[in-house]
Amino acid sequence: YEMRLAFGKTLARALIEPELRNYIKEKSVYNDTIFNELVFSLIKHDKLPSGKTISELLYDYEDEEVKSLFGDSLQEILRINDPLISIKLPDIFTNVNWDAKNIVPLIGVETPTPLIMPHYGGKYMFYYYNGYQELISPQSSEPYDNIKYLYLMVKYSSDYILRGLL
């Protein structure tokens with residue numbers, strides 16, 4: 001749980017960078033009804049227009065809380081313990097024209113099971129680049145008007161199996 005939440009929080013903070021948002025939007029495109037999963041271990045060495053890799057940019061946005069839990073090792077710990085951690089633009093947004101230059105999405109973190117909060121039931125943590133965070137109940141994609149925010153999910157990949165690549 002802590003690894004995923006730390007990664008989600010760090011990714012949310014890094015989304016202040018338009019080059020990262022543009023990269024995610026461009027790499028997510030698959031077809032008219034679904035988006036690609038971006039497996040972190042497969043994209044972390046990709047270079048952004050600034051010359052930084054995805055990994056370097058995310059490292060720059062790890063805050064003191066994340067560093068107090070994982071030191072400088074969050075990405076290495078993820079590589080070993082959660083190698084299929086992915087960034088996914090949910091398919092429910094296929095009809096949304098995400099203006100990645102101006103719109104910063106939230107990051108929802110899918111943990112192995114929803115976080116159980118007394119009196120609130122299961123929830124997922126959502127982070128925004130400015131430090132805002134909110135626990136949100138899992139929602140079905142119908143009806144679409146119940147969805148409050150444009151968001152990306154940090155989740156376990158359901159599209160990939162990696163063997164020996166890591």
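The basis for the numbers below is simple: all heavy atoms, side chains too, and nothing from hydrogens, waters or symmetry mates. In this text, all values refer to a predicted model and were calculated from it rather than measured experimentally.
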Q: Indicate yes or no for a side-chain donor-acceptor contact from Arg21 to the backbone of Ile16 under 3.5 Å, with no hydrogens or angles considered.
A: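 Yes; at least one donor-acceptor contact below 3.5 Å.
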Q: Would you check if the side chain of Ser41 reaches a backbone N or O of Pro83 as a donor-acceptor pair within less than 3.5 Å?
A: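 Yes, because the side chain of Ser41 sits within donor-acceptor range (under 3.5 Å) of the backbone of Pro83.
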Q: With rounding to the nearest 0.5 Å, note down the distance linking OH in Tyr23 to CG in Leu38.
A: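 Answer rounded to 0.5 Å: 6.0 Å.
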Q: Atom CD1 in Ile103, atom CG in Leu15: separation rounded to 0.5 Å?
A: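 Going from CD1 on Ile103 over to CG on Leu15, the span is 13.0 Å.
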Q: Report the distance from atom CG of Leu58 to atom NZ of Lys52, rounding to the nearest 0.5 Å.
A: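 One finds 10.5 Å between CG of Leu58 and NZ of Lys52.
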Q: Can Lys88 and Asp91 be said to form a salt bridge (Lys or Arg N to Asp or Glu O under 4.0 Å), step by step?
A: CA-CA 9 Å; Lys88 173 87 162 113; Asp91 299 333; 2.7 Å; yes
Q: For Ser50, is there any backbone N or O sitting under 3.5 Å from a side-chain donor or acceptor partner on Glu19?
A: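 Indeed, once roles are kept as given, a pair shorter than 3.5 Å links the two residues.
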Q: Tell me whether Glu37 is salt-bridged to Lys155, with the criterion being a basic N under 4.0 Å from an acidic carboxylate O.
A: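 Lys155 and Glu37: salt-bridged.
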Q: Thinking salt bridges, do Glu76 and Arg79 make one under a 4.0 Å N-O criterion?
A: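 Judged by the 4.0 Å cut-off on N to carboxylate O distance, Glu76 and Arg79 do form a salt bridge.
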Q: Do Tyr61 and Tyr129 make the cut of ring centroids closer than 6.0 angstrom?
A: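 No, they do not, as the ring centres are separated by 6.0 Å or more.
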Q: Assess whether a salt bridge exists between Glu65 and Lys9, defined as any Lys/Arg side-chain N lying under 4.0 Å from an Asp/Glu carboxylate O.
A: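 A salt bridge is present here (some side-chain N lies under 4.0 Å from a carboxylate O).
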Q: Tell me, with the steps shown, if Phe93 and Leu150 meet side-chain contact (heavy atoms from CB on, under 4.5 Å).
A: CA-CA 8 Å; Phe93 295 120; Leu150 175 67; 3.8 Å; yes
Q: Could you check whether atom NZ of Lys27 has more than 12 heavy atoms from other residues, nucleotides or ligands sitting under 6.0 Å from it?
A: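 Counting other residues, nucleotides and ligands, NZ of Lys27 stays at 12 neighbours or fewer.
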Q: Short question: side chain of Lys67, backbone of Glu62 - any donor-acceptor pair under 3.5 Å?
A: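 Here the side-chain-to-backbone pair does not exist.
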Q: Indicate yes or no for a side-chain donor-acceptor contact from Gln75 to the backbone of Ser55 under 3.5 Å, with no hydrogens or angles considered.
A: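 At least one qualifying donor-acceptor pair exists.
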Q: Closest approach of Leu152 and Pro90, non-hydrogen atoms and distance?
A: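 The pair with the smallest heavy-atom distance is CA-CD, 4.2 Å.
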Q: Given the side-chain rings of Tyr127 and Tyr132, with only the six-membered ring counted for Trp, is the space between their centroids under 6.0 Å?
A: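 No, too far apart.
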Q: Is there a donor-acceptor pair closer than 3.5 Å between any side-chain N or O of Asp82 and the backbone N or O of Leu78?
A: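 Judged by distance alone, no pair lies under 3.5 Å.
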Q: Quick check: does any side chain N or O of Arg4 sit under 3.5 Å from a backbone N or O of Val109, one acting as donor and the other as acceptor?
A: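 Checked: no pair found.
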